[in-house]
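In each ligand, atom 1 is the first atom listed, and ligand 1 is the first ligand listed.
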Amino acid sequence: MSADTDLRARARRVIPGGMWGHLNTSRIAEGYPQFFARGEGAHVWDVNGRRYVDLMCSWGPIILGHRDPVVEAAAQRQAALGDCLNGPAPVLVDLAERLVDRVPAADWAMFQKNGTDATTACVTIARAATERRTILIAHGSYHGSAPWCTPVPLGTTEADRPNQLRFTYNNVASLEAAADAAGADLAGIIITAFRHDNIVDQELPSLAFAQAARRICDAKGATLILDDVRAGFRLHPGGSWEELGVRPDLSAWSKAIANGHALGAVTGRDSLRDGASRVFITGSFWCSAVAMAAALATLDELERRDVVGHITALGETLRAGLEERARAFGVRLRQSGPVAMPLFLFEGDVDFVAGRAFCAAALHAGAYLHPRHNMFLCAAHTEADIATVLDATEAGFRAIRRALVA
Ligand SMILES: Cc1ncc(COP(=O)(O)O)c(C=O)c1O
């Protein structure tokens, strides 16, 4: 019995379903390991000892590479002093200062643990600051797993989601209609950095859409919340909408901010400072100093190594290489979203049979991909890693062609 099989059998006895949520590997593809032994740079090793080029990067948190030496050294220095104290360590202020310095839309910062903490805090602050209730949320956008925003409402009630109106991402008319429906009760609009909804092609926000969100919030005295939890620091070091020139009032961050250490953050403008100081939001571990030291080092390294430039260049190589191979194998592949956060779906593959067969074969050849979730590049990936991934995808394309012929 393999180590992974053994652990799964033990987990089934003591962990409901063997593993919760999207991390249950049965939801990915056949042959995917559930348990990992370690990670280093751009690679992960499963508990059976197999090494993969990692294109999931822990679903986003790894942006410099697994166990980045600079980040880990900073974390260890702080750990030697203390992590969970009676209150914050000085690094709390250092990190808030660094974010205010780096993020043009940030006049202040607060910290949490997860992305859901950060988005929930943003909504709470927006309502407190405006003294209104209604929040506009795009159909299909993921903002976390709390009852107010979970995409799987099992175990929640309608009463967990009052005072919300929906609009269609990138559709100005629908955003305006939702804002009209909210009337004088519009507290805020929460929008992901780009459209990365489950299982559909990704879409970058149009300039007109981002500007409309800003215009509506300005006209109505409402709060524009950018949910930068997934994309944050991968598209632009100062916030994903900086390229568009549209600045949010509040931003939610997590995932990549501390290169794998657990940290969420909310940054905001002065206009929200008072509301943010009055709401009661806290958590036992929200001051943990080690993750903050890791974040401080991560932010510095992101800038020093021009990570956005690096992962964008590698993402372009990956996209072009996949396109070329798809054409050569006669397979219709759709690639979408920012190249550093690639998603590929196969034309007509409604039940993901082709995607799963593709990823299972690529996994066997040494590349850890995902058949329907966007993937993530990191600073530790090299040209050679991308070449390995592209070689591995040839096994995937062959598997699909075999399935089509059969
Ligand atoms: C855009 C976005 N917001 C919020 C979240 C929730 O973050 P977490 O899983 O850390 O609670 C996620 C997680 O994938 C996300 O992608």
Side-chain angles (χ1 to χ4, degrees), residues 19-24 27-28 55-63 110-126 135-153 156 160-161 164 166-167 169-170 188-200 202-205 210 213 224-236 239-241 248 250-267 281 283-286 288 291 294-295 298 336-338 340-343 370 372-378:
M19 184 55 212
W20 56 81
H22 63 298
L23 295 179
N24 189 316
R27 300 203 172 98
I28 307 183
L55 278 203
M56 280 313 281
C57 288
S58 311
W59 303 71
I62 299 302
I63 189 165
M110 293 169 83
F111 300 100
Q112 310 81 28
K113 283 282 105 183
N114 285 289
T116 309
D117 299 337
T119 54
T120 305
C122 284
V123 167
T124 309
I125 293 167
I135 300 288
L136 309 189
I137 306 175
H139 292 289
S141 280
Y142 185 65
H143 296 294
S145 59
W148 72 268
C149 58
T150 177
V152 183
T156 68
D160 291 312
R161 289 176 290 283
Q164 299 182 357
R166 304 274 160 177
F167 62 90
Y169 200 104
N170 261 345
I189 308 175
I190 183 166
I191 308 182
T192 53
F194 64 95
R195 188 174 185 194
H196 46 58
D197 307 353
N198 206 13
I199 308 181
V200 294
Q202 304 192 110
E203 264 178 56
L204 295 174
L224 178 56
I225 305 168
L226 182 65
D227 179 352
D228 225 349
V229 168
R230 191 178 308 187
F233 306 110
R234 275 194 160 83
L235 307 186
H236 190 289
S240 295
W241 280 16
L250 292 174
S251 297
W253 311 85
S254 187
K255 291 209 186 271
I257 193 169
N259 197 49
H261 290 263
L263 193 71
V266 172
T267 56
I281 46 174
S284 296
F285 299 101
W286 286 14
S288 298
T298 301
S336 60
M341 298 175 67
L343 172 78
H370 200 290
R372 52 180 194 280
H373 191 284
N374 76 269
M375 293 168 280
F376 301 87
L377 295 182
C378 76

In terms of its nearest heavy atom to atom 14 (O) of ligand 1, the top option of Q112, H196, H143, K255 is K255
Y169 (side chain) donor-acceptor with T192 (main chain) under 3.5 angstrom: yes
Between the SG atom in C378 and the CG atom in N259, the distance rounded to the nearest 0.5 Å is 8.0 Å
Would you say G115 and ligand 1 have an N/O pair spaced under 3.5 Å apart? yes
Using 0.5 Å steps for rounding, measure from the OG1 atom of T119 to the CH2 atom of W253. 14.5 Å
Any chance you could measure L343, atom CG, to H373, atom NE2, to the nearest 0.5 Å? 9.0 Å
Have a look at ligand 1 and work out which part of T116, if any, has a heavy atom under 4.0 Å from it: side chain, backbone, both or neither. both
Output the list of atoms in ligand 1 that are nearer than 4.0 Å to some heavy atom of Y142, sorted by atom number. 1 (C), 2 (C), 3 (N), 5 (C), 12 (C), 13 (C), 14 (O), 15 (C)
With a 4.0 Å heavy-atom cut-off (strictly under), which part of W59 contacts ligand 1: side chain, backbone, both or neither? neither
Report yes if some heavy atom in the side chain of H196 is under 4.5 Å from a heavy atom in the side chain of E203; otherwise report no. no
Using 0.5 Å steps for rounding, measure from the OG1 atom of T120 to the NE2 atom of H143. 10.5 Å
Which of the numbered atoms in ligand 1 are below 4.0 angstrom from a heavy atom of N114? 10 (O), 11 (O)
D227 heavy atoms, cut-off 4.0 Å: which ligand 1 atoms fall inside? 1 (C), 2 (C), 3 (N), 4 (C)
